[in-house]
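For reference, the structure is listed below as structure tokens.
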Amino acid sequence: MPYNVIGQSVTKIDARKKATGEAIYTGDMHLPGALCGLVLRSPVAHARLVEVDTSEAEQLPGVMGVVTARDATPVRIGRFLRDRTPLASDKVRHIGEPIAAVAAVDRPTAEKALGMIKVTYDELPAIFDPLEALRPDAPVIHEELSSYMDIAPSKRYGNVRNEVRYAWGDLEAALGEADLVHEQAYVTQASHPGYMEPRVALAAVDSSGKVTVWCSTKSPFIFRGPVAQTLGLPVSKVRLVAPTIGGDFGGKGLPTVEPICALLARKSGRPVRLELTRLEELAAGFVRHPARIRLKTAMRKDGTLLAAEGEVLFDTGAYNDAIMGLAFSAFNLVGPYQALAVDVVGRTVYTNNLPAGHVRAPGAPQTIFAIESQIDIMARKLGLDPWEVRRRNAVEEGAVSAAGHGTIRHAALKECLQKAQESAIRTLKKDGPHQGVGVACAQWEVFPFDFVTPSRALVMINEDGSVTLVSGITEQGGGQYTTVAQIAAEELGLSLEDIALVVADTDATPYEGSTGASATTQRVGNSVRFAAQDARDQLLALASERLEAGVSDLVLEKKRVFVKGAPDKAVPVAELHRAAINLTGGPIIGTSVEGQKRLLAAKKEAAGIIDSPSYGVQAVKVHVDPETGDIQVLSYLTVQDAGFALNPRNVEAQVEGGVVFGLGYALSEEVCQNGGKCLNQTLVDYRLPTAVDVPDVQVSIVEEPSSFGPYGAKGVGETGTTPVAAALANAIEDAVGVRITDLPITPEKVLRALREKG
């Protein structure tokens with residue numbers, strides 16, 4: 001079916017504002033009389049808080065407010081598991097944990113006040129190794145862990161935040177049938193989301209006691225609850241607004257500075273602005289979970305995967321901001337493949353390291369690194385083509401998911417493999433010494449359990465026939481605003497210029513879940529489409545009476561409704577709007593309610609079906625200098641199943657961005673910790689990839705439509721990151737014959753492996 005707006009590579013509607021500097025970020029905002037907020041953080045990793053004495057700081061001229069846990073309602077907060085308080089109350093669990101905060105007339109005064117707060121600690125034994133945290137005699141980091149509220153089922157004990165096991169088939173028989181069994185350990189590191197805009201909040205309290213917080217978040221509705229709880233207010237007395245967001249990559253879905261900033265605003269009676277420094281971001285922020293993985297796989301000599309057995313241990317540090325603690329991601333140890341028998345275990349463990357949370361494709365880059373490395377290792381040992389081994393085992397229509405929670409439908413992995421291999425043969429030819437080509441498959445199946453995030457949208461027809469779209473969606477660079485505007489325009493026969501957005505404001509829009517998990521396009525795209533269809537149906541019903549024609553014979557296009565085949569027999573939408581406001585029904589406002597009901601019923605009918613798995617294939621060509629271990633990424637190609645590309649150029653940009661994000665994770669990024677302290681606290685020492693590090697990335701799109709995504713669309717934001725590290729490790733072995741199994745893959749590690757190889 002031909003479309004007018006969707007399926008087109010349109011420019012993002014916010015592109016010009018961002019390019020010219022016109023876009024307003026939270027850090028750009030100022031209110032008259034606003035104070036500077038700063039946070040006092042713990043210098044120790046694990047201790048009882050004996051006393052926090054703020055009396056001297058409170059007397060300092062220019063200090064308008066000092067807050068500690070005493071000023072907050074004693075509640076725990078967290079997106080998934082409520083395991084922390086905005087300011088430490090009974091104890092601290094990591095270096096950098098917030099203890100107190102001050103609001104002062106300027107930064108020097110606030111800094112001086114922080115130095116005047118006296119904190120007495122009773123230090124406790126600390127744990128920095130997740131394996132030690134599992135020991136029965138290990139100090140318990142969260143004594144009340146079993147009582148913490150969790151939104152999803154979890155198995156908690158000792159220092160284990162969650163444990164998940166997936167097992168089926170006859171493992172012993174499968175191992176016994178194998179011609180090759182290979183067992184390998186893998187290690188992945190902590191990394192930062194790497195957004196350019198640090199966390200920042202601006203809070204103000206009006207005369208009625210209502211609190212407004214502007215902040216850099218992709219989850220205003222999710223933030224509103226913890227802010228209200230911290231202040232002991234009903235949510236009706238708290239408003240969250242998300243201006244332009246300067247990057248997210250999974251990291252801005254959890255509240256951190258926002259409740260503290262609101263506390264300071266209430267205590268001081270003045271607006272307060274609290275912006276973290278880059279040092280605070282790296283030294284005290286939430287990181288990607290480091291992991292230790294053991295994986296055993298078994299194959300026949302023809303490359304058929306028979307069994308996968310292993311475990312992944314995620315170090316979540318002092319606190320956990322991850323659904324089910326990421327333990328569920330153990331299913332990725334099987335990858336996008338089919339096996340006769342599986343027994344894999346995931347555990348997430350508390351330590352006194354930096355807290356960990358969601359970072360782009362949470363849990364998947366770690367586990368996909370293991371299985372995609374393993375597939376290559378075994379292919380080489382068996383003398384088989386790594387492409388063919390992947391093709392032989394790739395999931396396809398009707399396969400049972402690796403987690404055993406459903407049957408996969410609309411899988412295009414084999415098509416992606418075929419297209420990627422054809423491209424690699426043409427464009428990734430080795431034309432010099434010490435060059436190698438590596439391949440890896442990408443997977444993002446979201447969550448292996450029922451998890452419904454609500455979504456509602458309103459579409460309001462304006463008096464001139466243009467449209468105002470109201471949604472709680474946020475835009476953190478993924479093109480979400482453009483996508484939903486395209487959908488509304490398509491359904492109503494309009495251009496993008498005719499669509500105005502009211503978004504990301506808890507007082508002005510319906511409740512909306514967080515932007516992320518590669519699910520926003522499907523979730524919000526559907527609700528916007530349903531609301532637009534509802535508005536269209538109302539317009540056509542009105543027009544039907546005036547044009548004396550059946551609704552099915554009418555066309556809505558360019559702000560007018562006309563009869564098919566008789567374009568002169570028409571009525572302007574503006575006239576229909578005037579008619580509507582004079583009827584008892586009032587103005588035309590489309591809602592997504594009925595459409596969502598139909599969608600949920602259809603999904604219920606399809607229970608046990610995984611309809612929108614996101615698969616892709618990536619290949620990379622590298623050069624490795626055997627004298628230094630230096631790795632040069634020469635070229636990169638990726639093939640991604642998008643279901644239906646609502647905006648092809650934006651899909652390509654998302655996939656390319658995922659690859660670049662994965663390159664940093666694979667080759668250079670690591671939050672280095674020693675005794676719980678971050679050692680590389682600036683972007684000089686924490687090395688993000690720059691333009692000179694990024695090769696030409698070729699992106700190709702495959703379209704295997706989903707049954708439930710808008711127009712068949714699937715999510716793509718996460719998938720592109722998941723296989724990058726494995727593809728590079730495979731290419732490096734192809735180039736110089738050494739296998740790196742711990743991330744990041746640095747020149748030092750390659751050189752060491754080359755010397756050990758001799």
Side-chain angles (χ1 to χ4, degrees), residues 1 7 303-305 332 334-339 361 364 368 371-372 375-376 379 384-402 406-428 437-446 518 521-522 609-620 636-652 654-656 658-659 697-724 726-727 730:
M1 176 180 177
T304 301
L305 182 64
N332 280 312
V334 188
Y337 305 113
Q338 302 174 76
I368 294 293
I371 182 60
E372 287 298 321
I375 292 289
D376 241 59
L384 300 173
D385 179 1
W387 290 93
E388 181 55 37
V389 172
R390 287 176 169 83
R391 187 178 295 106
R392 176 179 293 273
N393 297 291
V395 295
E396 51 192 342
E397 192 81 8
V400 176
S401 77
T407 302
I408 293 172
R409 186 166 63 184
H410 302 310
L413 181 57
K414 287 193 173 181
E415 184 180 348
C416 291
L417 274 163
Q418 182 66 32
K419 191 170 185 177
Q421 187 173 16
E422 291 171 357
S423 297
I425 290 171
R426 294 194 309 271
T427 63
L428 300 184
V437 175
V439 58
C441 291
Q443 169 173 281
W444 180 252
E445 280 189 28
V446 194
S518 293
T521 294
Q522 281 207 345
I609 299 293
I610 300 170
D611 179 77
S612 304
S614 185
Y615 297 125
V617 177
Q618 298 182 5
V620 59
Y636 208 104
L637 70 85
T638 176
V639 178
Q640 175 70 48
D641 174 21
F644 173 75
L646 295 167
N647 184 335
R649 185 164 58 197
N650 191 58
V651 169
E652 292 168 3
Q654 279 291 286
V655 175
E656 182 177 357
V659 169
V697 180
Q698 308 168 46
V699 180
S700 296
I701 298 173
V702 166
E703 293 182 311
E704 173 65 34
S706 156
S707 297
F708 299 127
Y711 311 96
K714 298 176 182 176
V716 300
E718 248 89 358
T719 318
T721 294
T722 63
V724 180
N730 296 339

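In this text, all values refer to a predicted model and were calculated from it rather than measured experimentally. For the numbers below, each heavy atom of this structure counts, side chains included, while hydrogens, waters and symmetry mates do not.
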Do [X] and [Y] make a side-chain contact, defined as non-hydrogen atoms from C-beta onward lying under 4.5 Å apart?
| X | Y | value |
| --- | --- | --- |
| Tyr615 | Val702 | no |
| Val617 | Leu413 | yes |
| Gln640 | Ser700 | no |
| Asp385 | Gln421 | yes |
| Val659 | Thr721 | no |

Distance, nearest 0.5 Å, that separates [atom1] of [X] from [atom2] of [Y]:
| X | Y | atom1 | atom2 | answer |
| --- | --- | --- | --- | --- |
| Arg392 | Leu417 | CZ | CG | 13.5 Å |
| Arg426 | Gln698 | CZ | CD | 8.5 Å |
| Glu704 | Ser612 | CD | OG | 10.5 Å |
| Thr407 | Ile609 | OG1 | CD1 | 5.0 Å |
| Thr722 | Ile371 | OG1 | CD1 | 12.5 Å |
| Asn393 | Lys414 | CG | NZ | 8.5 Å |

**Study point:** Gln618 side chain vs Tyr636 backbone, donor-acceptor pair below 3.5 Å
**Key:** no
Check your understanding: Do the side chain of Glu703 and the main chain of Ala642 share a donor and acceptor less than 3.5 angstrom apart?
Key -> no
Give me the atom names and distance for the closest heavy-atom approach of [X] to [Y].
| X | Y | result |
| --- | --- | --- |
| Thr427 | Leu637 | OG1-CD2, 3.5 Å |
| Ser707 | Asp611 | N-OD2, 2.8 Å |
| Ala727 | Val620 | O-CG1, 3.5 Å |
| Phe708 | Ser706 | N-OG, 3.0 Å |
| Ala424 | Trp387 | CB-CZ2, 3.8 Å |
| Ile701 | Ala645 | CD1-CB, 4.3 Å |

Are [X] and [Y] linked by a side-chain donor-acceptor pair shorter than 3.5 Å?
| X | Y | value |
| --- | --- | --- |
| Glu656 | Thr638 | no |
| Asn730 | Glu372 | no |
| Glu718 | Ser614 | no |

**Study point:** Trace of the salt bridge (Lys or Arg N to Asp or Glu O under 4.0 Å) decision for Glu388 with Arg391
**Key:** CA-CA 5 Å; Glu388 181 55 37; Arg391 187 178 295 106; 2.9 Å; yes
Exercise for review: Can you sort out the partners of Pro386 under side-chain contact (heavy atoms from CB on, under 4.5 Å), two or more places apart, ordered by chain and number?
Suggested key: Asp376, Ala379, Arg390, Val439
